[in-house]
Amino acid sequence: MTVATTGAADEALPVYLRGQATEFLRSLRLHRESTTDARGAEESLEAARALRRAARRISAALHTFRPLLDPEWAAALRPELAWLRATLSQEHACAARLSRLLDALHRLSGTPSVPGPALAPLTAATMGGRAVGGSGWPPGAAEAGRGSSGLTVGAAKAAALLERQLTLARTRAHSTALQDLGSSRFHAVADTIAVLASEVPLIDAPDDPKHLAAGAEAELAEAVAALPLGQAGHPYNAGALTHGLASDTAPDAQDAPWLKVRSLLRLHRYAQEVLLGHTCPDPRVLEAGHALDVHREAATAAQAAAHAARTPRIAPATAYALGVLHADQRHEVEAARFAFQQVWQHGTAGAR
């Protein structure tokens, strides 16, 4: 793969940052112009996802190429972009987590009709009209699912409990995002991005962008080397499940190195985007990134199942179903690690 020459690489960073800033402002305009009906809410969600993508890439470029940028400006903007990304991601994460857990209950129980969550965008009408304890699912779907002959009582009640908890979390995240997008803090971030779209605060520095991108790749390689890829290379080794059952903090501690690699892999990918422009990145990076995305989704879903299982005074059958669900998601974590190991190790061997 051919990397740009030094002169072109020097111009690549400001071009990339201006492009991402322009995409951020375009998405912000679409978000503000979206209507309050169902179609407008869907457009608003898509605009929010585009805002998050642009903010993620700008933040990554500020991190990797920080020696080339005004240090005070970059240090002030990066935490604000992290706050914005977190704000915009919560609603989608809750909806995706609920869908993942209900699909898993469907698969584990063998029922042909587990009620699915209503993943339609939240609107003012749906939020205002939801009854206390409402689920956000299509009316009658939960009751139909509970009556399905193939669905155990424990799995049905576990689905209802997860539905209540995660739909409530999604509604709160939606309200928080609306408030934050109207705050003075967000307007300050938007103003900074607007300036970035026309003027990138570069400084005179001897650093070569290609060397900085190579540093990001080296940091990724070091983090990957610290992973237990030998164990992950054996399917069904139960490592993720065993550690997941050890204590409340064990899964977080065990997942942390993999989540770190996921973040570093994104930094490496975005650094290559800066240097290569619209050139397609290494397919191995995309496949490995997908495996680690699945890893993170399964790990957070397992945490949600464990949290639901700690609900006071739930029936033993419900707790059992949630325990099986938790174990299933930890097995999904293990499968994602195996997939990453296969992609990474085989890609490394093929490059030799």
Side-chain angles (χ1 to χ4, degrees), residues 4 9 11-34 40-66 68-70 73-93 95-96 121 173-174 176-202 209 212-213 216 262-281 285-286 289-290 292-293 296:
E11 290 296 324
L13 178 60
V15 169
Y16 183 83
L17 286 174
R18 285 195 295 265
Q20 294 302 323
T22 301
E23 176 63 21
F24 182 98
L25 296 174
R26 186 190 69 83
S27 302
L28 178 58
R29 177 179 57 82
L30 293 176
H31 187 275
R32 288 174 173 171
E33 293 177 353
S34 59
E42 180 61 38
E43 293 173 351
S44 177
L45 277 181
E46 180 56 37
R49 284 192 285 267
L51 273 173
R52 196 168 73 246
R53 286 194 298 268
R56 190 166 58 234
R57 282 165 167 78
I58 293 172
S59 179
L62 299 186
H63 175 83
T64 302
F65 302 101
R66 57 189 179 276
L68 305 176
L69 299 163
D70 181 276
W73 173 84
L77 182 56
R78 283 195 66 225
E80 297 304 290
L81 291 174
W83 162 76
L84 179 60
R85 297 199 316 272
T87 296
L88 294 174
S89 66
Q90 290 305 310
E91 180 183 351
H92 173 74
H174 180 79
T176 300
L178 290 179
Q179 293 174 2
D180 288 345
L181 289 176
S183 66
S184 58
R185 183 179 184 181
F186 173 75
H187 286 298
V189 175
D191 290 343
T192 303
I193 298 299
V195 174
L196 179 63
S198 58
E199 181 182 355
V200 178
L202 298 172
L212 296 174
R262 177 178 178 269
S263 297
L264 293 175
L265 187 65
R266 279 189 166 183
L267 290 175
H268 167 61
R269 174 185 166 191
Y270 298 150
Q272 294 303 305
E273 286 184 5
V274 171
L275 297 181
L276 301 174
H278 298 291
T279 304
C280 292
V285 172
L286 295 179
H290 174 71
L292 293 179
D293 286 344
R296 181 174 181 269

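Excluded from the calculations below are hydrogen atoms, water molecules and symmetry mates; all remaining heavy atoms, backbone and side chain alike, are included. Note that the structure is a prediction, hence the values are computed from the model and not measured.
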*Output yes when Glu46 and Arg53 qualify as a salt bridge under the 4.0 Å nitrogen-oxygen rule, no when they do not.*
yes

Rounded to the nearest 0.5 Å, what's the gap from [atom1] on [X] to [atom2] on [Y]? Could you check?
X	Y	atom1	atom2	result
Leu88	Leu45	CG	CG	10.5 Å
Arg26	Thr22	CZ	OG1	10.5 Å
Asp70	Leu77	CG	CG	11.0 Å
Asp293	Leu265	CG	CG	9.0 Å
Glu33	Leu28	CD	CG	9.5 Å
Leu181	Ser44	CG	OG	8.0 Å

Measuring only between side-chain heavy atoms, which start at C-beta, is [X] closer than 4.5 Å to [Y]?
X	Y	result
Trp83	Asp180	yes
Ile193	Glu80	no
Val274	Val15	no
Leu62	Leu81	yes
Arg52	His92	yes
Thr192	Val195	no
Leu196	Pro201	yes
Arg269	Leu286	yes

*Begin with the C-alpha distance, continue with both residues' side-chain angles, and end with the deciding distance and a verdict on side chain to side chain contact (heavy atoms under 4.5 Å, CB included) for Glu91 and Leu178.*
CA-CA 11 Å; Glu91 180 183 351; Leu178 290 179; over 6 Å; no

_Other residues, nucleotides, ligands: >12 heavy atoms within 6.0 Å of Arg296 CZ_ = no

*Inspect the surroundings of NE2 in His290 and state if more than 12 heavy atoms from other residues, nucleotides or ligands are less than 6.0 Å away.*
no

Heavy-atom closest contact ([X] atom, [Y] atom, distance):
X	Y	value
Leu69	Ala61	CD1-O, 4.4 Å
Thr87	Ala177	CG2-CA, 3.7 Å
Leu275	Ala213	CD1-CB, 3.5 Å
Ala173	Gln90	CB-CB, 3.6 Å
Ala76	Pro79	O-CD, 3.6 Å
Pro14	Leu202	CG-CD1, 4.0 Å

*Evaluate the criterion side chain to side chain contact (heavy atoms under 4.5 Å, CB included) for residue pair Leu13 and Val200; output intermediate values, then yes/no.*
CA-CA 9 Å; Leu13 178 60; Val200 178; 5.6 Å; no

*So Glu23 and Arg57, side chain to side chain contact (heavy atoms under 4.5 Å, CB included) or not? Walk me through it.*
CA-CA 11 Å; Glu23 176 63 21; Arg57 282 165 167 78; over 6 Å; no

_Residues Gln20, Arg56; criterion side chain to side chain contact (heavy atoms under 4.5 Å, CB included); working and verdict_ = CA-CA 9 Å; Gln20 294 302 323; Arg56 190 166 58 234; over 6 Å; no

